[in-house]
Q: 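Got a structure for you, written out below as structure tokens; questions coming shortly.
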Number of protein chains: 2
Amino acid sequence: MYAASQPKEQSFPQSDSIATAGIPGPHLVATYRSGQEIYAEGDAVEKCYQVATGAVRVYRLLSDGRRQVVSFHLAGEMFGFEAGATHRFFAEAITETRLAVFGRRPMQEHSRELLALALAGMARAQEHLLVIGRQCAVERIAAFLLDLSNRQGGIRQLRLPMSRQDIADYLGLTIETVSRVMTKLKDRSVIALRDARTVDIMRPDALRSLSN
Amino acid sequence: MYAASQPKEQSFPQSDSIATAGIPGPHLVATYRSGQEIYAEGDAVEKCYQVATGAVRVYRLLSDGRRQVVSFHLAGEMFGFEAGATHRFFAEAITETRLAVFGRRPMQEHSRELLALALAGMARAQEHLLVIGRQCAVERIAAFLLDLSNRQGGIRQLRLPMSRQDIADYLGLTIETVSRVMTKLKDRSVIALRDARTVDIMRPDALRSLSN
DNA sequence: CGATACTTTGAGTTTCTTCAACGATCGTGG
DNA sequence: CCACGATCGTTGAAGAAACTCAAAGTATCG
């Protein structure tokens with residue numbers, strides 16, 4: 001959270017095992033510790049990132065400390081591109097995270113891919129608007145768990161990299177409400193909780209109907 | 001709302017007075033009546049639109065009828081581009097509306113401009129997430145009125161093309177809450193209401209501090 | 001001018017939040 | 001390896017913001 005040090009960087013050859021969404025060219029891989037800042041609001045937009053391992057949260061703070069997490073990014077997903085010249089959000093590693101880093105040039109040369117990413121990002125945010133704007137706490141959590149599952153190929157056992165506070169700030173709820181809903185879903189056997197961060201989706205259909 | 005007829009179309013020469021965001025080429029101008037559908041969820045994405053006059057709402061419906069308005073589009077603004085091949089939202093004219101219509105080809109030839117639009121659309125949706133996710137009713141209305149004002153060059157007298165229901169569905173509130181907050185802002189002399197759809201921003205600074 | 005749709009206002013209810021306390025987990029150092 | 005502190009998560013009780021239901025007021029359109 002308050003880490004000030006630089007991420008560890010290493011140069012990286014083109015033909016790595018990391019899937020680079022069609023954007024080739026040499027790039028760096030940087031490693032971030034849990035809670036370490038990737039970029040801050042106000043920073044110049046000059047890079048684009050792809051999660052190799054770990055997870056990232058992108059968020060905005062209000063002056064009184066309220067926080068809105070705008071997106072989470074898991075392995076394989078790209079982030080860091082924004083409309084203006086400076087970042088309007090913060091990005092932090094949630095857990096120990098490795099990122100493939102792309103410079104401005106390689107991105108500009110692949111505006112076609114970047115367009116697809118931007119359109120997907122818009123769709124994602126609009127989808128999220130629907131959840132936050134018109135769904136109750138249970139529906140939000142259900143949609144969140146399903147989304148996480150789907151983004152990892154529909155796996156049923158989820159390892160949550162993020163805290164209850166992160167989830168709350170993502171869904172526009174409080175940490176207590178998130179916790180209560182998780183407990184309720186567990187009591188109804190819709191999910192099972194090995195521990196707070198390990199969720200088994202026991203009845204995906206039930207979760208789907210809850211999420212609307 | 002339930003209009004089924006086709007919009008009135010007319011061919012249109014290239015050098016019109018409408019600002020076309022840098023995208024040239026012959027295109028149509030279509031006129032839509034108040035409430036008329038522009039596209040529906042499931043329709044193929046094959047056009048892109050710019051509002052000439054009037055206003056548009058883009059929204060999604062839940063199975064039980066709850067509605068989330070994702071965006072409003074005013075004169076000069078573009079909409080209709082989405083990530084996939086089919087629309088995931090509905091678009092309707094709010095009032096009598098004239099749209100400049102661009103085909104798929106002209107858009108593909110201007111992916112640079114489209115990228116900027118997509119990034120701006122993503123930014124707008126994320127900005128909106130913050131409002132809906134973490135702000136109270138008064139803050140949401142204040143942010144909404146300021147946004148409308150700013151998008152029209154900072155004018156102080158706003159003509160709202162949309163109903164209280166539209167605003168409620170945009171801000172994740174009910175029509176009654178929207179009405180009560182408007183009344184409260186009027187009573188505090190932050191705004192004046194000539195009628196329900198005509199808002200004068202009397203104290204922009206106050207509105208700004210309310211919106212956070 | 002009347003019918004219809006939209007908006008406002010009031011009263012009671014619900015959902016979620018706030019505040020508080022307790023329990024669990026994790027990492028560190030003795 | 002265990003003890004300790006710190007962080008994270010859960011649970012309960014009371015409160016507040018927004019919602020629902022209801023009715024009256026106002027604008028709009030044919």
Side-chain angles (χ1 to χ4, degrees), chain A residues 1-3 33-35 57 62 64-68 92 94-96 131-142 144 158-187 191-199 210, chain B residues 1-3 33-35 57 62 64-68 92 94-96 131-142 144 159-187 191-199 210 212:
Chain A
M1 205 73 140
Y2 305 107
R33 297 193 314 284
S34 174
R57 62 177 163 249
L62 291 178
D64 60 359
R66 281 176 288 178
R67 186 179 73 156
Q68 177 66 42
E92 276 176 6
I94 296 177
T95 59
E96 173 112 356
V131 173
I132 285 190
R134 281 289 173 241
Q135 304 203 171
C136 70
V138 174
E139 294 172 322
R140 293 185 206 189
I141 299 279
F144 172 69
L158 298 175
R159 173 81 210 161
L160 304 181
M162 67 290 284
S163 69
R164 294 288 187 268
Q165 187 66 65
D166 288 332
I167 299 172
D169 288 345
Y170 180 66
L171 296 176
L173 299 171
T174 59
I175 186 176
E176 293 94 336
T177 298
V178 172
S179 184
R180 278 185 252 270
V181 169
M182 293 291 250
T183 302
K184 184 184 282 184
L185 290 178
K186 186 187 71 180
D187 292 347
I191 62 172
L193 293 169
R194 303 193 177 206
D195 61 277
R197 302 285 185 105
T198 312
V199 179
L210 279 177
Chain B
M1 205 72 140
Y2 305 106
R33 297 192 315 283
S34 175
R57 62 178 162 249
L62 292 179
D64 59 359
R66 280 176 290 179
R67 185 179 72 155
Q68 177 65 41
E92 274 176 8
I94 295 177
T95 59
E96 172 110 357
V131 173
I132 284 189
R134 280 290 174 238
Q135 304 204 171
C136 69
V138 174
E139 293 171 323
R140 293 185 207 189
I141 299 278
F144 172 70
R159 174 80 209 163
L160 304 180
M162 67 291 284
S163 68
R164 295 287 187 266
Q165 187 65 65
D166 288 331
I167 299 173
D169 288 345
Y170 180 65
L171 296 177
L173 300 171
T174 59
I175 187 175
E176 293 95 334
T177 299
V178 172
S179 184
R180 278 185 252 270
V181 169
M182 293 291 250
T183 302
K184 184 183 283 185
L185 290 178
K186 187 187 71 179
D187 291 348
I191 62 172
L193 293 169
R194 303 191 177 208
D195 62 277
R197 303 281 187 109
T198 312
V199 179
L210 280 176
N212 253 291

Q: Indicate whether OP1 or OP2 belonging to D/dC8 is found under 4.0 Å from a side-chain N or O atom of A/Ser163.
A: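 No, because none of the side-chain N or O atoms of A/Ser163 sits under 4.0 Å from OP1 or OP2 of D/dC8.
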
Q: Which whole-number value in Å describes the distance from B/Leu185 CG to C/dT9 P?
A: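 Distance check: B/Leu185 CG to C/dT9 P gives 13 Å.
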
Q: Rounding to a whole Å, what distance do you find between A/Leu171:CG and C/dC16:P?
A: 12 Å

Q: What is the separation between atom CD on B/Gln165 and atom C1' on C/dT8, rounded to the nearest whole Å?
A: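 For the pair B/Gln165 CD and C/dT8 C1', the rounded distance is 14 Å.
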
Q: Tell me what A/Thr183 touches on the nucleic acid: a base, only sugar-phosphate, or nothing, going by heavy atoms under 4.0 Å.
A: sugar-phosphate

Q: Round to a whole Å and report the spacing from CG of A/Asp187 to P of D/dT11.
A: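 Rounding to the nearest Å, CG of A/Asp187 and P of D/dT11 are 8 Å apart.
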
Q: Please report the distance, rounded to the nearest Å, between CE in B/Met162 and P in C/dC6.
A: 15 Å

Q: Please determine, for the side chain of A/Thr177, which listed nucleotide (C/dT18, C/dT7, C/dC16) has the closest atom?
A: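 Of all the options, the side chain of A/Thr177 is nearest to C/dC16.
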
Q: Would you indicate which nucleotide in C/dT18, C/dT8, C/dC16 comes nearest to any side-chain atom of A/Cys136?
A: C/dC16

Q: In terms of side-chain geometry, is the basic nitrogen of A/Asp187 or A/Arg180 positioned less than 4.0 Å from the acidic oxygen of its partner?
A: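 Result for this pair is no, no salt bridge flagged.
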
Q: Quick check: closest heavy atoms across B/Arg134 and A/Gln68, and the distance to 0.1 Å?
A: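 Result for this residue pair: CG-OE1, 3.4 Å.
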
Q: Could you state the CZ-P distance from B/Arg194 to C/dT7, rounded to the nearest angstrom?
A: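 In whole Å, C/dT7 P and B/Arg194 CZ are 18 Å from each other.
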
Q: Spell out, as yes or no, whether a donor-acceptor pair under 3.5 Å connects the side chain of B/Ser179 to the backbone of B/Ile175.
A: no

Q: Determine yes or no for a side-chain-to-main-chain donor-acceptor pair under 3.5 angstrom, with B/Arg57 supplying the side chain and B/Ile94 the backbone.
A: no

Q: So which heavy atom on A/Ile132 is nearest to which on B/Gly133, and how close?
A: CG2-CA, 3.7 Å

Q: Just the rounded figure in Å: distance from P of C/dT7 to CG of B/Leu160.
A: 9 Å

Q: Using a 4.0 Å heavy-atom cut-off across all strands, classify B/Arg197 as base, sugar-phosphate, or nothing.
A: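 Sugar-phosphate, backbone atoms only, no base.
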
Q: I'd like to know if A/Arg180 reaches the base of C/dT18 with its side chain, counting only an N/O donor and acceptor under 3.5 Å.
A: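 Yes.
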
Q: Closest nucleotide of DNA chain C for A/Gly172 versus for B/Glu176: which of these residues is on the 5' side?
A: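 Nearest-nucleotide comparison on DNA chain C picks B/Glu176.
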
